[in-house]
Amino acid sequence: RRDPTVAPISVYQYANGQLSPQPSAELRGKYSAAETYWAGLAMHPKQALLFAANRGTSNLAGQIAIFDTSSGQQVGEIAV
């Protein structure tokens with residue numbers, strides 16, 4: 001592949017039982033495409049935090065990226 005990029009995590013709005021037709025935002029982690037393989041998402045039930053599992057692309061340990069969904073910024077990570 002030439003110039004691979006990391007797939008963003010797309011954010012959609014939800015209203016009246018429907019998702020918006022286009023993403024309202026995109027969340028991007030701090031790792032390169034060669035180090036990123038998104039494997040799952042979980043939203044915190046009370047805070048504006050999204051936990052995104054990055055299993056990585058090697059046999060090394062991955063991490064959980066923590067995004068603030070209000071700002072769209074990655075605010076932390078948990079090694080797994």
Side-chain angles (χ1 to χ4, degrees):
R1 294 180 1 185
R2 287 186 227 181
D3 301 322
T5 60
V6 176
I9 298 169
S10 297
V11 178
Y12 290 85
Q13 298 301 312
Y14 180 79
N16 301 319
Q18 294 186 355
L19 292 175
S20 59
Q22 299 295 323
S24 59
E26 292 183 338
L27 305 177
R28 296 184 183 274
K30 66 179 188 176
Y31 292 96
S32 71
E35 302 170 301
T36 302
Y37 190 107
W38 296 123
L41 302 170
M43 187 70 190
H44 191 284
K46 296 185 180 184
Q47 298 177 16
L49 296 175
L50 177 72
F51 298 86
N54 176 17
R55 71 171 206 161
T57 57
S58 70
N59 60 352
L60 301 175
Q63 55 281 124
I64 306 287
I66 305 168
F67 292 95
D68 179 336
T69 57
S70 298
S71 69
Q73 300 298 311
Q74 184 174 339
V75 294
E77 69 179 48
I78 303 167
V80 293

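Only heavy atoms go into these numbers, but all of them, side chains included; no hydrogens, no water, no symmetry mates.
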* Go through the steps for V11 and T69 under the test side-chain contact (heavy atoms from CB on, under 4.5 Å), then give the verdict. => CA-CA 9 Å; V11 178; T69 57; over 6 Å; no
* Asked: Does I78 belong to the same Ile/Leu/Val/Met/Phe/Trp/Tyr cluster as L49, with side-chain heavy atoms less than 4.5 Å apart forming each link?
  -> yes
* Going hydrophobic residue to hydrophobic residue with side-chain gaps under 4.5 angstrom, can you get from L19 over to M43? -> no
* Partners meeting side chain to side chain contact (heavy atoms under 4.5 Å, CB included) with E35 (sequence neighbours left out) -> Y31, S32
* Taking atom OG of S71 and atom CG of L27, what is their separation to the nearest 0.5 Å? -> 9.0 Å
* Is L60 isolated, or which residues cluster with it under the ILVMFWY side-chain rule of less than 4.5 Å, directly or via members? -> none
* Structure fact -> For R28, the salt bridge (charged side-chain N to carboxylate O under 4.0 Å, His left out) test, sequence neighbours excluded, returns E26
* Structure fact -> Between F67 and A52 the two heavy atoms that sit nearest each other are CE1-CB, 4.0 Å
* Taking all atoms of both residues into account, what is the closest heavy-atom pair of Y12 and S20, and its distance? -> CD2-O, 3.3 Å
* **Common cluster, V6/L41, ILVMFWY with side-chain heavy-atom separation under 4.5 Å** => yes
* To do: Give a yes or no on whether F51 and I9 share a hydrophobic cluster (residues Ile, Leu, Val, Met, Phe, Trp, Tyr; joining criterion: side-chain heavy atoms under 4.5 Å apart).
  => no
* Asked: Have N54 and Q63 got a donor and an acceptor in their side chains that come within less than 3.5 Å?
  -> yes
